[in-house]
Amino acid sequence: ALQEGGADARAFAGARICALGIATAAALADRGLIADLVPTEAVGESLLQALVAAGGLAGARVLLPRAEGARDVIPDGLRAAGAGVDEVTLYLAAPPAHAPTEVLAAAHEGRVDAVTFTSSSTVRNLATLLGGDLSALHGAKVVCIGPVTAQTAREYGLEPDAVAEPHTVEALLTALRECLHSARTDAAKEVR
């Protein structure tokens, strides 16, 4: 958005920059912006706690780029700490208008071995696509990127088999591989 407006990273001169996780911090660094703060856990509560602990929020103006419909933990907490918060919606986390019918059929028929969730909105959006019923996925391995996403999966009746640690896509893929490998190993033991 800055580039489209004829600006660059210099627009953030003097600003402290926070990233919710290491992948976001790396993406910022690729664009010439070094995060001053990255919480130990990639969840809103950890970011808020780290910001409050760093101090200086009273009277500060905070730009919060985020998804439409994101949880309000961060903006509410920042406001409670005395900061002014300008929220900028950058994207909408919504189900696709036309989901692949073969994928939906496989999910409805229980022909899915594993499902990964990268945010609470992915859980909600899949539930929407499947008519609110995720029960056909009960035989699938469920892997979530973090504890908030895992809790949302539970709310929809799915117990996660694994939660990525750290809460990155790379760790999510590692957890998925481990779950699938474990399932194959268990199945091979049963055959013997």
Side-chain angles (χ1 to χ4, degrees), residues 1-99 116-129 132 143-156 158 160 163-172:
L2 283 173
Q3 288 173 343
E4 288 174 12
D8 59 23
R10 290 175 290 186
F12 295 108
R16 291 181 293 166
I17 299 174
C18 304
L20 186 56
I22 57 175
T24 302
L28 286 167
D30 288 345
R31 288 157 182 84
L33 300 167
I34 305 301
D36 298 295
L37 180 85
V38 182
T40 56
E41 191 175 15
V43 294
E45 291 82 354
S46 290
L47 179 63
L48 181 60
Q49 183 180 22
L51 284 166
V52 169
L57 290 176
R61 286 198 59 204
V62 177
L63 173 65
L64 182 62
R66 55 195 247 139
E68 182 176 310
R71 296 183 316 132
D72 290 325
V73 169
I74 296 172
D76 288 352
L78 290 171
R79 288 182 182 109
V85 180
D86 295 309
E87 297 179 58
V88 177
T89 301
L90 296 183
Y91 62 97
L92 172 63
H98 304 289
T116 60
F117 294 113
T118 56
S119 66
S120 290
S121 63
T122 60
V123 178
R124 289 189 296 270
N125 291 342
L126 183 59
T128 297
L129 289 171
V143 183
C144 298
I145 199 163
V148 174
T149 305
Q151 181 55 41
T152 304
R154 288 184 192 98
E155 291 167 8
Y156 281 86
L158 295 176
V163 177
E165 186 60 50
H167 312 314
T168 64
V169 171
E170 292 79 12
L172 178 79

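Fair warning: this is a prediction, and the values are worked out from it, not measured in the lab.
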Identify the heavy atoms of [X] and [Y] that sit nearest to each other, and give their distance.
| X | Y | answer |
| --- | --- | --- |
| Leu64 | Pro75 | CD2-CD, 3.7 Å |
| Asn125 | Ala93 | ND2-O, 3.3 Å |
| Leu90 | Pro65 | CD1-CB, 3.4 Å |
| Ala81 | Val52 | CB-CG2, 4.3 Å |
| Ala25 | Ala35 | CB-CB, 4.2 Å |
| Val123 | Ala153 | CG1-CA, 3.9 Å |

Spacing of [atom1] belonging to [X] relative to [atom2] belonging to [Y], to within rounding of 0.5 Å:
| X | Y | atom1 | atom2 | value |
| --- | --- | --- | --- | --- |
| Thr122 | Leu129 | OG1 | CG | 11.0 Å |
| Asp76 | Leu48 | CG | CG | 9.5 Å |
| His167 | Thr118 | NE2 | OG1 | 13.5 Å |
| Leu37 | Leu47 | CG | CG | 6.0 Å |
| Ser120 | Ile145 | OG | CD1 | 11.0 Å |
| Ile17 | Leu33 | CD1 | CG | 4.5 Å |

| request: Could you go through the side chain to side chain contact (heavy atoms under 4.5 Å, CB included) check for Leu158 and Phe117 one step at a time? | output: CA-CA 11 Å; Leu158 295 176; Phe117 294 113; 4.0 Å; yes

| task | Say whether, by atom type as modelled, one donor and one acceptor occur between the side chain of Thr128 and the main chain of Arg124 under 3.5 angstrom. | result | yes

| field | Greater than 12 external heavy atoms within 6.0 Å of Glu87's CD | value |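 Yes, enclosed.
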
| message | Strictly by side-chain hydrogen bond (donor to acceptor under 3.5 Å, both in side chains), give each pair with a member in residues 16-29 just once, sequence neighbours left out. | response |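 Listed by first then second residue: nothing to list.
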
Please name all residues satisfying salt bridge (Lys or Arg N to Asp or Glu O under 4.0 Å) with [X], sequence neighbours left out, ordered by chain then number.
| X | result |
| --- | --- |
| Arg31 | none |
| Asp72 | Arg66 |
| Asp8 | Arg10 |

| query | Does the pair Leu57 and Leu78 meet the rule for a side chain to side chain contact (heavy atoms under 4.5 Å, CB included), with working shown? | reply | CA-CA 7 Å; Leu57 290 176; Leu78 290 171; 4.0 Å; yes

| request: Might you work through the side chain to side chain contact (heavy atoms under 4.5 Å, CB included) test for Leu126 and Tyr156, ending with a clear yes or no? | output: CA-CA 10 Å; Leu126 183 59; Tyr156 281 86; over 6 Å; no

| Mind checking what makes side chain to side chain contact (heavy atoms under 4.5 Å, CB included) contact with Ala150, not counting sequence neighbours? |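 Here the qualifying residues are Cys144, Arg154, Pro160, Val163.
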
| query | Looking at residues at least two apart in the chain, or sitting in another chain, which of them share a side chain to side chain contact (heavy atoms under 4.5 Å, CB included) with Glu45? | reply | Val43, Arg71, Val73, Val148

